[in-house]
Amino acid sequence: YAAPRYTEAKLDAFCAELFRDIDTDAVDFVDNYDGEMKEPTLLPTTYPNILVSANTGIAVGMASNFCGFNLAEVCRTTIELIKNPEHDIISTLPAPDFTTGGDLIYDEAEMRAIYRTGRGSFKVRAKWAYNKKDNLIEITEIPYTTTIEAIIDKIAELVKNGKVREIADVRDETDLSGLKIAIDLKRGTDPEKLMAKLMKMTTLQDSFSCNFNVLIAGMPRVLGVAELLDEWTAWRTECVRRRVFFDLNKKKDKLHLLLGLRKILLDIDKAIKIIRETEEDANVIPNLMEGFGIDKIQAEFIADIRLRNINKEYILKRTQETEALENEIKKLEEIVKSKAKIRNIIIKELEQITPSARYCGAYVDKLLELSRRYRLQKLFREALDGNFAGLPMEELIGKIECMNSVVADDNDQRSSTMTDLLTDFYGRMGTERQYLDWGFDELNRYVKVNPKHYVVVGARPSAGKTAFALQVA
């Protein structure tokens, strides 16, 4: 088998959500492939990762194919389903969200059928733009089911066979700034007609077939989204119950030790005398047990206390923790017995994930893609990777508003706070096409990312003033 240096990988900080409860007996452990160590049967994820990470599996006589969904939308949908089992899923989880981007050709009836049955398909097409100056087409997003190599090879094959005559050259210009396939056009070529032809003849438009086949208690089942989230919620409920029970036992063990320590507080000199007058080390524990009426575990704890800590101040300070421990134990016992309280814990954990997810994943990808297109990458990078990274949405907006940044319009030199800028932006919102038709100066101030998720940018580089805000509807 491969040595660890070939299989180890550095994980992103967010991956802590996959392993958070791994040491609290939240899941079962079994022997690994060679029996040398234990491994979890499932990772105790704090969110429904099965719907967030696209996954394909092939076995004997069966297969599965999961499309990925937006993390924030999955968390919000799970919360709503826990609160209301009759919740309309499509209102909070409108469609899949792929890491490679692309435009999903949306059919609500088909999407509802997939959500209900766990089977079905939908089409995703590449995103492209025509560069009139250089007479070339730039493809910046492709369907999840294909690759750059497959697309270029197919286009080259079509050109070679004479089925497509409008293309002069095709090449991969992908770099650190992102994916890009460049297609040089011959003079007089209509880019719209060419792309319509390529969409039909290549995987620039491709279907994604959903097959939500999962193992439930070792048995394969095809489930819809609601059933998947119900199963996850039931499984997560047991994980949280086991974690709380683990914490409960830890606190009970600690309380048990402190109760034994409290007993020697009544006569510290007697404890010292027992230890000092015991001739053999093996008899110290039995003598303490007999002298104070404590059990072996308590006696071992007392015997291991350092000599400098055998004083009234230390022992009294430690025993004062017993009241707080007893209250914590009482609360944990109530949680273990209450399914509703466990569900509330799950909801709170999902809510903690949701704010950070609002400006990560696919939305940040779209944001950076726009920043590359309109030469604002440095501004966005500083905002996303700098002091603003990891902040909850409310705190992020608050910090930016507190900056009271000056934003100047090309035709109006008045200054404005970020709040004024947001208000002005909402007053000018229109259709997506309207924003795409704006020039660079307008886009430098207002950029629309998604019908429900907006990015507001104000900048005046010449004056050294920049302002940035991220607002989620």
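Note: hydrogens, waters and symmetry copies are ignored here, and every other heavy atom, side chains too, is used.
N287 approaches T278 most closely through the heavy-atom pair ND2-OG1, 3.0 Å. Nearest approach of V124 to P143, heavy atoms of both residues: O-CG, 3.4 Å. The two residues L350 and T46 make their nearest non-hydrogen contact at CD2-O, 3.4 Å. Of all non-hydrogen atoms in C75 and Y47, the two that sit nearest each other are SG-CB, 4.1 Å. The shortest non-hydrogen separation linking L228 to F212 is CD1-CD1, 4.0 Å. Of all the heavy atoms in P40 and V27, the pair that sits closest is CB-CG2, 4.0 Å.
For the residue pair D206/T145, the side-chain donor-acceptor check at 3.5 Å is satisfied.
A salt bridge links R242 with D28; the closest basic N to acidic carboxylate O contact falls under 4.0 Å. Using a cut-off of 4.0 Å between Lys/Arg side-chain N and Asp/Glu carboxylate O, R112 and D88 are scored as salt-bridged. Ion pairing between a basic and an acidic side chain is recognised when a charged N comes within 4.0 Å of a carboxylate O; E80 and R76 show such pairing. A salt bridge does not link K337 to E333: none of the charged side-chain nitrogens sits closer than 4.0 Å to a carboxylate oxygen. A salt bridge links K38 to D31: at least one charged side-chain nitrogen sits closer than 4.0 Å to a carboxylate oxygen. D247 and K331 are not joined by a salt bridge, as no carboxylate oxygen comes within less than 4.0 angstrom of a charged side-chain nitrogen.
Between F98 and F122, the ring planes are tilted. Angles from 30° to 60° get that label.
Side chain of Y144 to main chain of C67: no donor-acceptor pair is present (N/O by atom type, distance under 3.5 Å, no hydrogens or angles). S64 contributes no side-chain N or O that, together with a main-chain N or O of V214, makes up a donor-acceptor pair within less than 3.5 Å. Proximity of a side-chain donor or acceptor of N65 to a complementary backbone N or O of N211 within less than 3.5 Å is not detected. The closest donor-acceptor contact from the side chain of S338 to the backbone of E334 lies at 3.5 Å or more, if one exists at all. With hydrogens and angles disregarded, a donor-acceptor distance shorter than 3.5 Å links the side chain of T24 to the backbone of D21. At least one donor-acceptor pair closer than 3.5 Å links the side chain of D295 to the backbone N or O of Q298. Of the possible donor and acceptor atoms, one in the side chain of T147 sits under 3.5 Å from a partner among the backbone N and O of A150. K270 places a side-chain N or O within 3.5 Å of a backbone atom of G291 that can act as its donor or acceptor partner.
Among the candidates E349, E231, E17, the single residue satisfying the salt bridge (Lys or Arg N to Asp or Glu O under 4.0 Å) test with R236 is E349.
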### Task
Kindly determine whether I302 and I294 satisfy side-chain contact (heavy atoms from CB on, under 4.5 Å), including the steps that lead there.
CA-CA 10 Å; I302 293 167; I294 56 180; 3.6 Å; yes

### Message
With side-chain hydrogen bond (donor to acceptor under 3.5 Å, both in side chains) as the criterion, how do S53 and N55 come out once you've worked through the C-alpha distance, each side chain's angles and the decisive distance to 0.1 Å?
### Response
CA-CA 6 Å; S53 301; N55 191 16; over 6 Å; no

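Within 6.0 Å of the CD atom in E86, the count of heavy atoms belonging to other residues, nucleotides or ligands does not exceed 12. Counting non-hydrogen atoms of other residues, nucleotides and ligands closer than 6.0 Å to CD1 of I297 gives a total of 12 or fewer.
Interatomic distance, L223 CG to R119 CZ, rounded to the nearest 0.5 Å: 10.5 Å.
Residues satisfying the side-chain hydrogen bond (donor to acceptor under 3.5 Å, both in side chains) criterion with E277, sequence neighbours excluded, are absent altogether. The side-chain hydrogen bond (donor to acceptor under 3.5 Å, both in side chains) check on D103 picks up nothing, with sequence neighbours excluded. For E290, the side-chain hydrogen bond (donor to acceptor under 3.5 Å, both in side chains) criterion is met by no residue, not counting sequence neighbours.
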